[in-house]
Amino acid sequence: DGGITQSPKYLFRKEGQNVTLSCEQNLNHDAMYWYRQDPGQGLRLIYYSQIVNDFQKGDIAEGYSVSREKKESFPLTVTSAQKNPTAFYLCASSPVTGDYGYTFGSGTRLTVV
Amino acid sequence: QKEVEQNSGPLSVPEGAIASLNCTYSDRGSQSFFWYRQYSGKSPELIMFIYSNGDKEDGRFTAQLNKASQYVSLLIRDSQPSDSATYLCAVNMGDYKLSFGAGTTVTVRA
């Protein structure tokens, strides 16, 4: 079955650590996105990519980094520069032709300990 | 001004009633609109999309779009306890990016 796989489901980060969230899709979608969700604030765009080896900053990119070396993969690194990383992180993908909305992964819940 | 705004809720409706969710958006050039349902602790799932003015029905769900008023709504008819969730309105602002509202939480009382 086609879909988006995010891992891990839960992640705990110590102060000063970098952590990487995985996102893999087998939907043959060109575009991939990372969103952060905090209670009561909806989804905020961190980074997005429409093609391999290219990506753009979203609204809240500070303290995060991404790569897009393969069409199927779009990992997100939460760096130590992100001072408030505790949140629910959602990866999504979509075609770039047509307009069909996003397909979301199951999410990663990151907690700072 | 927020790009996409939803009625804040929470919205509590009795089982079998109609739940009405509203969404306004700021970009008059927006062309496509989506409603996602998100259960607590889960990721959003697409339930409706609409591109043209008027109504679009799918089962118990009806999406309504009025581009002149920059308004999109979702009606849930014959509400069931399984409809209890947060509903997110999303608008395509161009460049294939979606902007999301903060969501409206619906509780269906048995």
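The sequence lines fix the lettering, A, B, ..., with proteins before strands; numbering per chain opens at 1.
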Worksheet entry | Joint cluster assignment, B/V108 & B/I47, ILVMFWY side-chain distance < 4.5 Å | yes
Discussion item. Starting from A/M32, can I reach A/V78 by hopping between I/L/V/M/F/W/Y residues whose side chains sit under 4.5 Å apart?
Written reply: yes
Practice prompt. Flag yes if B/F34 and A/Y48 sit in one hydrophobic cluster, no otherwise; membership is Ile, Leu, Val, Met, Phe, Trp, Tyr, and two members link when side-chain heavy atoms are under 4.5 Å apart.
Written response: yes
Item to complete: Could you tell me which portion of B/Q38 (side chain, backbone, both or neither) has an atom closer than 4.5 angstrom to a non-hydrogen atom of chain A?
Response: side chain
Worksheet item: Do any of residues 49-68 of chain A come closer than 4.5 Å to chain B, heavy atom to heavy atom, and if so which ones, in number order?
Response: A/Q50
Worksheet item: Any idea which heavy atoms bring B/L98 and A/G101 closest together, and the distance?
Response: CD1-CA, 4.4 Å
Worksheet item: Taking a hydrophobic cluster as the set of Ile, Leu, Val, Met, Phe, Trp and Tyr residues connected by side-chain heavy atoms closer than 4.5 Å, whether directly or through intermediates, do A/L21 and A/F88 fall within one such cluster?
Response: no
Fill in: ILVMFWY network linking A/Y89 to A/F74, side-chain heavy atoms under 4.5 angstrom
yes
Discussion item. For A/L43, which atoms come within 4.5 Å of any heavy atom of chain B: side chain, backbone, both, or neither?
Written reply: both
Worksheet item: Roughly how far, to the nearest 0.5 Å, is CZ of A/R44 from CZ of B/F100?
Response: 14.0 Å
Item to complete: Supply the atom-to-atom distance B/L88 CG to A/Q37 CD, rounded to the nearest 0.5 angstrom.
Response: 6.5 Å
Item to complete: Output every pair passing ring pair (Phe, Tyr, Trp, His ring centres under 6.0 Å) with a member in residues 46-67 of chain B, not counting sequence neighbours, ordered by first then second residue.
Response: B/F49-B/Y51
Fill in: OG on A/S94 to CG on B/N92, rounded to 0.5 Å
8.5 Å
Worksheet item: Which region of B/F33, side chain (C-beta onward) or backbone (N, CA, C, O), has a non-hydrogen atom less than 4.5 Å from a non-hydrogen atom of chain A, or is it both or neither?
Response: neither
Worksheet item: Are there residues of residues 103-113 of chain A that reach to under 4.5 Å of chain B by heavy atoms, and which ones?
Response: A/F104, A/G105, A/S106, A/R109
Worksheet item: With A/Y33, which residues qualify under ring-ring contact (aromatic ring centres under 6.0 Å, His included), at least two apart?
Response: A/Y102
